[in-house]
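Only one structure is covered here, and it is reproduced in the block below.
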Amino acid sequence: MTIADNDQAVVNVAALGEQLLGRWAATRRTARELAGRPEVHRIEGLSPAEHRVRCFDQLHYLVEHQAVHRAFPAALGGSDDHGGNIAGFEELVVADPSLQIKAGVQWGLFGAAVLHLGTAEHHQAWLPGIMNMEIPGCFAMTETGHGSDVASIATTAVFDPHTQEFVIHTPFRAAWKDYIGNAAVDGRAAVVFAQLITQGVNHGVHAFYVELRERSGDFLPGIGGEDNGLKGGLNGIDNGRLHFTQVRIPRTNLLNRYGNVDDDGTYTSTIASPGRRFFTMLGTLVQGRVSLDGAAVAVSKLALKTAVQYATERRQFNAASDLTEEVLMDYQRHQRRLLPLVAATYATSFAHEELLEKLNGVFSGEHDSDEDRQDLETLAAALKPLSTWHALNTLQECREACGGAGFLTENRFTSLRADLDIYTTFEGDNNVLLQLVAKRLLADFANEFRGVDFGVLARYVVTQAAERTIHRTGLRRVLQSVVDTGSEKKSAIALRDENTQHELLCGRVESMVSELAGELRGARRMPQAKAAALFNEHQNELIDTARAHAELLQWEAFTAALKQTGDPGTKQVLTWLRDLFGLTLIENNLAWYLMHGRLSAQRARTLGPYINRLLAKLRPHSVDLVDAFGYGPEHIRMAIGTGAEKERQDEAMAYARRQRASGDSPIDEKTLIARREKADAS
């Protein structure tokens, strides 16, 4: 089927919306209904102090409406629904990102740490109070001196066998717990991460339940802190710093699911490797990254629903008509600005649904092997950076595409962007996460050759060397040019072929991984400093490789979703949209494809024009595509998203028509000049 074969394709908005809701559609609908209520909405213009109070009160509202307990055990009033919990929780972002993150601190971090790192005794002691807000809490991991490098935190928990207590201590200023949600005002307890030391041995980072404040709000002895103050966004959350001076807690306050200290100080663990134990404990908290991925997707949908709708109503300049100004969405540049973002949002949405499925499989126990957990952690580390960067880019582009109106606070773009800004660095800095993904890719690459005989490895090295020679000498580019010569139409057809797109995207990842593996070969046998220097020399390539891998995952998720689309018209439009996503990725990395001989110059020249033709095909469906996101006026809450612009434009055109019909309309000076010139010529 060619691009012109189905001009009459129509999107079934209801069916597409249902597909986007995914497996947990009912939960999402319930969560969206709640997020549409005024009681949970952000009120623009509140002072930070007022915003904090409102968010804290809203947590009680969420408890009353059973909105946040889905992941907790059924025996305690939850529903053991881990995938549904994240699906519902991420919808809170459309009400107020501050509320979503404050709720995430209370139940997704503080409560989840007790649930996943503690044992039944801890659950009985603290989870009921955490769930009903009797115990507002904090997740005290990050330190001023160590953000993403959790393994190096400096807070200590030294066991004293004489008193059966751990002594929590921050030995210097850089060891203070920093940027901690709920720490400045509301937190009454915290899960504190510290280096567990017993019998003179440091067993690495563990989690401890520590009470912080009296009911009066005063810190308990030995505990202090300060307010982080005004932030660039999320000012409904009372972020603060905490420090501990020889604070004693009972031995039983160690959350000891993965590591325990007996009353004589003996340390035991079911996981012998300290490194594996550390990553297993942190891996239980991966749902934070998953929820940020989903929230970023939701905000991107919200912004695009408004910007695309506005672009189909707003008129500007009358290049094609003396009577009617052009709709913004009919300008090619406007299509170039917004429609690739719509395509990328669909890709991130479908990829997020696969991530949710993976999380639910692990946390429900259905698919909970070590390999499953590692895959979940890697997938979350790959997708969260791309979706959060995409959300910021989308908000900025939508703001600009809506002109001055987009800059008004009433239209939410600026406040949402300010709030989402921090999503790129908490729950793991995006660049650090991508570096972890790249290392996993390299490890998998190395495992492919573990145990193979010399002959197999030699043949692989020869093949890779030959391929690199072909690319670097341009031989493949010459061969492809021969195939492409004289047939630009054939080149365009090849680029829109699903298998060709996959080959180009997948081939780039495979090539980047193999080249990195070659450059880093032997690093394990080097002295530590030399190996670190070698990795640092290739850090940028590591991150680029991981990003290419994540983009491939998104493209594959989009393609898999196409196979689940039953309505022919919807499937045709989604195929164009998937092609737009894939070809935009290739266009963004065109230099790489040309330098490596994966595309000829002639085929590359067809890419831009074909993308433009795709945009023209997608233009009539643009509103349907964003309507399928499923957000109504109660979620959007932007003045330019109400249809008021269309009313203004219709009023203006009606006025112009009446003026012309009345005969009282003044004559344009240019028309008068043209008449005179014509008269003079005759």
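Computation of the quantities below employed the complete heavy-atom set of this structure, encompassing side-chain atoms and omitting hydrogens, waters and symmetry-equivalent molecules. Just so we're clear, the structure is a prediction, and the values are computed from it rather than from any experiment.
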Could you please spell out the steps behind the side-chain contact (heavy atoms from CB on, under 4.5 Å) verdict for Ile586 and Arg508?
CA-CA 10 Å; Ile586 294 168; Arg508 179 168 182 254; over 6 Å; no
Before giving the answer on side-chain contact (heavy atoms from CB on, under 4.5 Å), spell out for Leu341 and Asn393 the whole-Å C-alpha distance, their side-chain angles and the decisive distance to 0.1 Å.
CA-CA 9 Å; Leu341 295 176; Asn393 182 43; 3.7 Å; yes
Determine, step by step, whether Thr388 and Leu420 satisfy the side-chain contact (heavy atoms from CB on, under 4.5 Å) criterion, reporting the C-alpha distance in whole Å, the side-chain angles of both residues, the deciding distance to 0.1 Å, and the verdict.
CA-CA 8 Å; Thr388 52; Leu420 268 289; 5.9 Å; no
Evaluate the side-chain contact (heavy atoms from CB on, under 4.5 Å) criterion for residues Ile611 and Leu580: first the C-alpha distance (whole Å), next the side-chain angles of each, then the deciding distance (0.1 Å), finally the verdict.
CA-CA 6 Å; Ile611 287 175; Leu580 177 61; 3.8 Å; yes
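For the pair Glu18 and Arg29, the salt-bridge criterion is met [side-chain N within less than 4.0 Å of a carboxylate O]. Checked for salt-bridge contact, Lys358 and Glu354 miss the test: no charged N lies under 4.0 Å from a carboxylate O. A salt bridge links Glu498 with Arg578: the closest approach of a Lys/Arg side-chain nitrogen to an acidic carboxylate oxygen falls below 4.0 angstrom. With salt bridges taken as basic N to acidic carboxylate O contacts below 4.0 Å, one links Asp419 and Arg42. At a threshold of 4.0 Å, the pair Arg23-Glu357 counts as salt-bridged, since one of the basic side-chain nitrogens sits closer than that to a carboxylate oxygen. Taking a cutoff of 4.0 Å between a charged side-chain nitrogen and a carboxylate oxygen, Glu90 and Arg28 qualify as a salt bridge. Ion pair Glu400/Arg337 flagged as a salt bridge, since at least one NZ, NE, NH1 or NH2 atom sits closer than 4.0 Å to an Asp/Glu carboxylate oxygen. Taking 4.0 Å as the cut-off between side-chain N and carboxylate O, Glu397 and Arg333 do not count as a salt-bridged pair. The pair Arg336-Glu587 counts as a salt bridge, with a side-chain nitrogen and a carboxylate oxygen less than 4.0 angstrom apart.
To the nearest 0.5 Å, atoms NE2 (His621) and CH2 (Trp576) are separated by 5.0 Å. To the nearest 0.5 Å, the span separating CZ on Arg547 from CG on Asn589 amounts to 9.0 Å. Separating the CZ atom in Arg52 from the CG atom in Asn235 is a distance of 7.5 Å, to the nearest 0.5 Å. Interatomic distance, Leu386 CG to Leu553 CG, rounded to the nearest 0.5 Å: 9.5 Å.
With contacts defined as side-chain heavy-atom distances shorter than 4.5 Å, the pair Leu495/Leu599 qualifies. Residues Leu338 and Cys398 form a side-chain contact, since some pair of their non-hydrogen atoms from C-beta on lies under 4.5 Å apart. Counting only heavy atoms from C-beta outward, the side chains of Leu304 and Thr394 approach each other to under 4.5 Å. Side-chain contact check for Arg598 versus Glu503: every heavy-atom pair is 4.5 Å or farther apart. Within the 4.5 Å cutoff, the side chain of Phe558 has heavy atoms near those of the Leu577 side chain.
Not less than 6.0 angstrom separates the ring centroid of Phe350 from the ring centroid of Phe581.
For residues 631-650, every residue pair satisfying the ring pair (Phe, Tyr, Trp, His ring centres under 6.0 Å) rule, not counting sequence neighbours, is listed here: Tyr631-His635.
Between the side chain of Tyr61 and the backbone N or O of Cys55, no donor-acceptor pair lies under 3.5 Å. Glu353 places no side-chain N or O within donor-acceptor distance of the main-chain N or O of Leu20, the cut-off being under 3.5 Å. Between the side chain of Thr500 and the backbone N or O of Arg496 there is no donor-acceptor pair closer than 3.5 Å. Although no hydrogens or angles enter the test, the distance criterion places no donor-acceptor pair under 3.5 Å between the side chain of Asn411 and the main chain of Phe413. A donor-acceptor pair under 3.5 Å is absent between the side-chain atoms of Lys102 and the main chain of Leu234, judged by distance alone. Between the Arg637 side chain and the Glu634 main chain, a donor and an acceptor come within less than 3.5 Å of each other. Using a distance-only test at 3.5 Å, with no hydrogens or angles considered, no donor-acceptor pair links the side chain of Thr378 to the main chain of Asp375. Here the side chain of Lys231 pairs a donor or acceptor atom with the backbone of Ile237 at under 3.5 angstrom. Side-chain atoms of Arg70 come within 3.5 Å of backbone atoms of Ala67 as a donor-acceptor pair (strictly under, hydrogens ignored).
Residues meeting the ring-ring contact (aromatic ring centres under 6.0 Å, His included) test with Tyr423, sequence neighbours left out: Phe426. Every residue meeting the ring-ring contact (aromatic ring centres under 6.0 Å, His included) condition with Trp592, not counting sequence neighbours, appears here in chain and number order: His596.
If you check the side chains of Thr345 and His390, you find a donor sitting under 3.5 Å from an acceptor. Side-chain polar atoms of Asn360 and His82 form no donor-acceptor pair below 3.5 angstrom. For the residue pair Asn85 / His69, no side-chain donor-acceptor distance below 3.5 Å is found, with atom types taken as modelled. A donor-acceptor pair shorter than 3.5 Å cannot be found between the side chains of Ser148 and Asp429. Ser47 and Glu50 share a side-chain donor-acceptor pair at under 3.5 Å. Side chain to side chain, Thr348 and Gln554 fail the donor-acceptor criterion of an N or O pair below 3.5 Å.
For Gln66, the CD atom counts as loosely surrounded, since its 6.0 Å shell holds 12 or fewer non-hydrogen atoms of other residues, nucleotides or ligands.
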